[in-house]
A.B. asks: 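Have a look at the structure that comes next, please.
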Amino acid sequence: ETSKQKGDIMSKIFPSLISGDLLNLKKQIDELAPHCDGYHIDIMDDHFVPNLTWGPMFVNAISKSTQKPLFVHLMVNNPEVWPSRLQINSSSTLCFHIESAANPVQLIKQIIEKNIVPAIAIRPKTPLEEIYPFLAIVDQVLLMSVEPGSSGKTFLSSTIDRLNELVLYKKDNNLSFSICMDGGIGKENIRMLKNLGVEQFGIASEIFNHADPVVALENLYRELKI
């Protein structure tokens, strides 16, 4: 059961396709569809981070192949060129990094004009204050719990303090953005993070390194229910 099926407020899990079986991705997307809330798509340009993944045509092809929402995570320089290149549905999110956006307000407006959900991401070492001016006009914040660039990294424990600070800021300022997290998340920490206020998780290795990704996903949802 996904969070939507149960109708309660339970954190959502978006399998991160960067760790999927890339030559059989459509099959894997279809297998996971009944069990997940959507898909996390990491876009890397080999400049902002030292890795290269997919371009807009690939993201648009994934969007056409599923009814599920996508969370498109831009780890790129010049994120401003991306909104006009994407054809993703209105339940999907486009997330850019505060560190690479020349004009965050203008970029958020571009995303909204495309009828996509706007989100802002922040690296582990960037002070949270850098995103505060924009939190009233985005729907989601992606708190990176590893240094972005590849999957399989260890969760940074310093992220817990940052999460607590963000939750407090959200409450004190009566804001409504949801908090997402990406990096090093698994059965050993997902329940704690949910209880601290994370509402959506991008999860790669914990799902796709398992012999059966569907079983791994169901195990993670089970942790969220406890």
A.B. asks: First locate atom CD of E147, then atom NZ of K125, and finally report the distance between them rounded to the nearest 0.5 Å.
C.D. replies: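 With rounding to 0.5 Å, CD (E147) is 6.0 Å from NZ (K125).
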
A.B. asks: So, for C36 and I13, which heavy atoms are closest and what is the spacing to 0.1 Å?
C.D. replies: CB-O, 3.9 Å

A.B. asks: A side-chain contact here means heavy atoms from C-beta on lying under 4.5 Å apart; do D45 and N78 qualify?
C.D. replies: no

A.B. asks: Between F155 and I160, is the side-chain contact (heavy atoms from CB on, under 4.5 Å) condition met? List the steps.
C.D. replies: CA-CA 10 Å; F155 182 88; I160 300 293; 4.0 Å; yes

A.B. asks: With sequence neighbours excluded, give me every side chain to side chain donor-acceptor pair (under 3.5 Å) pair touching residues 202-215.
C.D. replies: none

A.B. asks: Could you walk me through whether N189 and F201 pass side-chain contact (heavy atoms from CB on, under 4.5 Å), step by step?
C.D. replies: CA-CA 11 Å; N189 59 11; F201 296 96; over 6 Å; no

A.B. asks: Could you give all pairs that pass the side chain to side chain donor-acceptor pair (under 3.5 Å) test and reach residues 100-122, with sequence neighbours left out?
C.D. replies: none

A.B. asks: Are I111 and V141 joined in one hydrophobic group, where the rule is that I, L, V, M, F, W and Y side chains link up if heavy atoms are under 4.5 Å apart?
C.D. replies: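 Cluster IDs for I111 and V141 match.
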
A.B. asks: Using a 4.5 Å cut-off on heavy atoms from C-beta on, say whether the side chain of V72 contacts that of W54.
C.D. replies: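 Answer no - side chains too far apart.
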
A.B. asks: Is the side chain of E99 donor-acceptor paired with the backbone N or O of T126 at a distance under 3.5 Å, no angle test?
C.D. replies: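 No, E99 side chain to T126 backbone: no donor-acceptor pair under 3.5 Å.
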
A.B. asks: Answer yes or no: does atom CD of Q67 have more than 12 heavy-atom neighbours from other residues, nucleotides or ligands under 6.0 Å?
C.D. replies: no

A.B. asks: In the single-linkage hydrophobic clustering (I, L, V, M, F, W, Y; side-chain heavy atoms under 4.5 Å), do I207 and M10 co-cluster?
C.D. replies: yes

A.B. asks: Do the non-hydrogen side-chain atoms of V146 and T154 ever get within less than 4.5 Å of each other?
C.D. replies: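 When only atoms from C-beta onward are counted, T154 and V146 do not touch, as no gap falls below 4.5 Å.
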
A.B. asks: Do the non-hydrogen side-chain atoms of V138 and I131 ever get within less than 4.5 Å of each other?
C.D. replies: no

A.B. asks: Is there a side-chain contact between C180 and L142, using heavy atoms and a 4.5 Å cut-off?
C.D. replies: yes

A.B. asks: Roughly how far apart are E188 CD and E223 CD, rounded to 0.5 Å?
C.D. replies: 9.0 Å

A.B. asks: Do L107 and P83 have side chains that approach each other closer than 4.5 Å (heavy atoms only, starting at C-beta)?
C.D. replies: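 Touching, per the 4.5 Å side-chain cut-off.
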
A.B. asks: Which atoms form the tightest heavy-atom contact between S145 and G183, and what is the distance?
C.D. replies: OG-O, 2.6 Å

A.B. asks: How long is the gap from CG on L94 to CD1 on I116, to the nearest 0.5 Å?
C.D. replies: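 Reported to 0.5 Å precision, the distance equals 5.5 Å.
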
A.B. asks: Does any non-hydrogen side-chain atom of P213 lie less than 4.5 Å from one of Q28?
C.D. replies: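 The answer is yes; the side chains approach within 4.5 Å.
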
A.B. asks: Check the hydrophobic clustering (I, L, V, M, F, W, Y; side-chain heavy atoms under 4.5 Å; chains of links allowed) and say if V81 and I120 are grouped together.
C.D. replies: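 Result: yes, single cluster for both.
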
A.B. asks: Output every pair passing side chain to side chain donor-acceptor pair (under 3.5 Å) with a member in residues 14-24, not counting sequence neighbours, ordered by first then second residue.
C.D. replies: S16-D42, S19-S151, D21-N24

A.B. asks: Counting N and O atoms only, with roles assigned by atom type, does the side chain of K68 sit under 3.5 Å from a partner on the main chain of A33, one being a donor and the other an acceptor?
C.D. replies: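 Yes; at least one donor-acceptor contact below 3.5 Å.
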
A.B. asks: Can you tell me how far CZ of F208 sits from CD1 of I18, rounded to the nearest 0.5 angstrom?
C.D. replies: 11.0 Å

A.B. asks: Does a donor on one side chain sit under 3.5 Å from an acceptor on the other, for S92 and N89?
C.D. replies: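 Looking only at side-chain atoms, N89 and S92 do form a donor-acceptor pair, the distance falling under 3.5 Å.
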
A.B. asks: Transitively linked via ILVMFWY side-chain contacts under 4.5 Å: L52 with L25?
C.D. replies: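 No, no single cluster joins them.
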
A.B. asks: Might you point out which heavy atoms bring I41 and L17 nearest each other, and give the distance in Å?
C.D. replies: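 Nearest heavy atoms, I41 then L17: CG1-CD1, 4.3 Å.
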
A.B. asks: Would you say the side chain of Y39 lies within less than 4.5 Å of the side chain of L32, judging by non-hydrogen atoms?
C.D. replies: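 SC-SC contact between L32 and Y39 confirmed.
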
A.B. asks: Roughly how far apart are M144 CE and R162 CZ, rounded to 0.5 Å?
C.D. replies: 11.0 Å

A.B. asks: Answer yes or no: is there a donor N or O on one side and an acceptor on the other, between the side chain of S11 and the main chain of V198, under 3.5 Å?
C.D. replies: yes

A.B. asks: Pairs in or reaching into residues 60-115: which pass ring pair (Phe, Tyr, Trp, His ring centres under 6.0 Å), with residues at least two apart or in two chains?
C.D. replies: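 Qualifying pairs: H40-F71, H40-H73, F48-H97, H73-H97.
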
A.B. asks: Taking all non-hydrogen atoms of both residues, which atom of I98 and which atom of P104 are closest, and how far apart?
C.D. replies: CD1-CG, 3.8 Å

A.B. asks: When you look at S63 and N60, which way does the side-chain hydrogen bond (donor to acceptor under 3.5 Å, both in side chains) test go after all the steps?
C.D. replies: CA-CA 5 Å; S63 184; N60 293 340; over 6 Å; no

A.B. asks: Which atom pairs, donor and acceptor, lie under 3.5 Å between side-chain atoms of residues 165-173 and protein residues at least two apart or in another chain?
C.D. replies:
from, atom 1, to, atom 2, distance (Å)
E165, OE2, Y132, OH, 3.1
K170, NZ, F177, O, 2.7
K170, NZ, E199, OE2, 3.3
N173, ND2, Y169, O, 2.8

A.B. asks: Between I185 and I179, is there shared hydrophobic-cluster membership here, with clusters defined by ILVMFWY side-chain heavy atoms closer than 4.5 Å?
C.D. replies: yes

A.B. asks: Hey, does the side chain of D46 reach the backbone of N51 with a donor-acceptor pair shorter than 3.5 angstrom?
C.D. replies: yes

A.B. asks: Rounded at 0.5 Å granularity, tell me how far CD in Q140 sits from OG in S176.
C.D. replies: 11.0 Å

A.B. asks: Please name all residues satisfying side-chain hydrogen bond (donor to acceptor under 3.5 Å, both in side chains) with K27, sequence neighbours left out, ordered by chain then number.
C.D. replies: E31

